[in-house]
Amino acid sequence: MLSPCIDNSSLLEAQQELRTVRDLLRWSVSQFNRCQLAFGHGSDNAWDEAAYLLLHTLHLPLDMLDPYLDATVLESERAAYLALVARRCNERVPAAYLTGEAWLQGHRFRVTADTIVPRSPIAELLAEQLQPWITDPDAIYNALDLCTGSGCLAILTALAFPQAQVDAVDLSDAALEVAQSNIDAFELNDRMSLYKSDLLDQLPQTAYDLIICNPPYVNEQSMQNLPKEYQHEPQLALAGGDDGMDLVRRILEAAPNFLSPEGVLVLEIGNEYDNFVAAFPELEPIWLSTETAEDQILLLSREQLAL
C-alpha cells in the first residue's frame, strides 16, 4: 500500500500551528501542489479548490474570501477542514464528492459518487438560451436531456426555456435519485419528468424541439490514462468504447425519430473531435464555442440527421 501523501504527523503539526484562514489556505495550496493533484471538477488550480473547500467548511459565502483571510479558525473547524484536505490528497477524491455539491452557472446541485461531477460547457450555452441558433426561446415546448446524471443540464434547460416541458433520461437508478432531489430543490416537478432508459430505447415517443446530451465519450486509451480523481466517477458515465463514439453512434441514429421538424440536437464530445470526424465524415455540424471549449460541442438539425 502506498504511503499517504499527507500523514498523521503532518496533520497534527497543521492542527497545532495553523491559526487563520490565510494560514490554512497557504498550507493547503502547498499540499495540493506537492501531492500533484489533478483538477477539473469545478476548479482548475490549487488555490481556487482550497478556497472553495475552506469556505464550504466554514459556512461562508463562496464569493467572499478576502474579509475573512485573517480570521482565526476554531479548533473544531480546523479539524474538519484538514480532514477534507487529507482525503483530497490521499484518496484523490474530487472536491464535489467531499462536499456533496457542485456549482454550475451560479446554481448549486447535489452530487454523489453515482453521478459525474457537473462541469459541462453546455451549461454556458444554456445560460445564453442557445442563441443565436435558437431564435425564439419561448418556442421551445419540449426538450430532452439524455444521460442526465445529476440532472444539472436538464434543470438549466428548464430555467433557460420557461415554456418547455423537460424530460431527463438516465440508465442509472442511483443517478435518477440524485436528479430527482435536484429537481425537488429547484421546485420544477411540474415541468420536468425523469425516465429510466438506455438512451432513447425505452423513452415514450415524443417530438422534441431540443435534445441536449453529454454522453459517455472517453475513448478506451484515454480511459486507461485517466487521473485518479476521474477514476472516482462512474465509468458508465465516462467510457465511450474504443474510439469514444459507441453511444454517439446510437444517439445520432435514433435522434431524428425524436426531433420535431425544426428540432436540433446539441451534443458534447469532449476531446474526441478527431474520432468524431473519422466516424461521421458525412456530417457537417455547427461547432459551438464557449469560454472553455472549442470543437467539443456540436449542433445538428433534424434535417441533417435524417439524411
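At a threshold of 4.5 Å between non-hydrogen side-chain atoms, the residues R34 and Q31 count as touching. Side-chain contact between P121 and I297: present, with at least one pair of heavy atoms (C-beta onward) separated by less than 4.5 Å. Side-chain contact between V73 and L58 is present, with at least one heavy-atom pair separated by less than 4.5 Å. Residues L159 and H107 meet the side-chain proximity criterion, which asks for heavy atoms closer than 4.5 Å. Between F280 and M245 there is a side-chain heavy-atom pair separated by less than 4.5 Å. Within the 4.5 Å cutoff, no side-chain heavy atoms of V21 are placed close to those of L60. Proximity of R88 to E229: side-chain heavy atoms (C-beta onward) are separated by under 4.5 Å at one or more points. Here the side chains of F109 and L156 are in contact, with some heavy-atom distance below 4.5 Å.
Of all the heavy atoms in W133 and L299, the pair that sits closest is CB-CD1, 3.8 Å. Across all their heavy atoms, M192 and A158 have their closest contact at SD-CB, 4.1 Å. Nearest heavy atom pair, residue D190 against residue Q165, reads O-OE1, 3.5 Å. R78 approaches L18 most closely through the heavy-atom pair CD-O, 3.1 Å. Nearest heavy atoms, L55 versus M64: CD2-O, 4.2 Å.
The disulfide (SG to SG under 2.5 Å) pairs that include a residue from residues 172-269 number zero, where partners must be two or more places apart or lie in different chains.
Not a single donor-acceptor pair under 3.5 Å links the side chain of D48 to the backbone N or O of D44. T206 contributes no side-chain N or O that, together with a main-chain N or O of Y208, makes up a donor-acceptor pair within less than 3.5 Å.
For E128, the CD atom sits in a packed shell: over 12 heavy atoms of surrounding residues, nucleotides or ligands are nearer than 6.0 Å.
Remark: D243 engages R249 in a salt bridge, criterion side-chain N to carboxylate O under 4.0 Å.
Qualifying ring-ring contact (aromatic ring centres under 6.0 Å, His included) partners for W47, counting only residues two or more places apart in sequence or in other chains: none.
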Inset, instruction - Evaluate the criterion salt bridge (charged side-chain N to carboxylate O under 4.0 Å, His left out) for residue pair R110 and E177; output intermediate values, then yes/no. - result: CA-CA 11 Å; R110 176 189 171 225; E177 185 276 327; 3.2 Å; yes

Legend entry - CA sep, side-chain torsions, deciding dist, call: V169, L199, side-chain contact (heavy atoms from CB on, under 4.5 Å): CA-CA 7 Å; V169 169; L199 297 179; over 6 Å; no

Inset, instruction - Could you walk me through whether E233 and R119 pass the salt bridge (charged side-chain N to carboxylate O under 4.0 Å, His left out) test, one step at a time? - result: CA-CA 13 Å; E233 295 185 295; R119 56 184 178 273; 2.8 Å; yes

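Here W287 and Y273 bring their ring centres to under 6.0 angstrom of each other.
V218 belongs to a hydrophobic cluster whose remaining members, ordered by chain and number, are I116, Y217, M223, L226, Y230, L238; membership requires side-chain heavy atoms of ILVMFWY residues under 4.5 Å apart, directly or through intermediates.
Cysteines C5 and C89 have SG atoms no closer than 2.5 angstrom.
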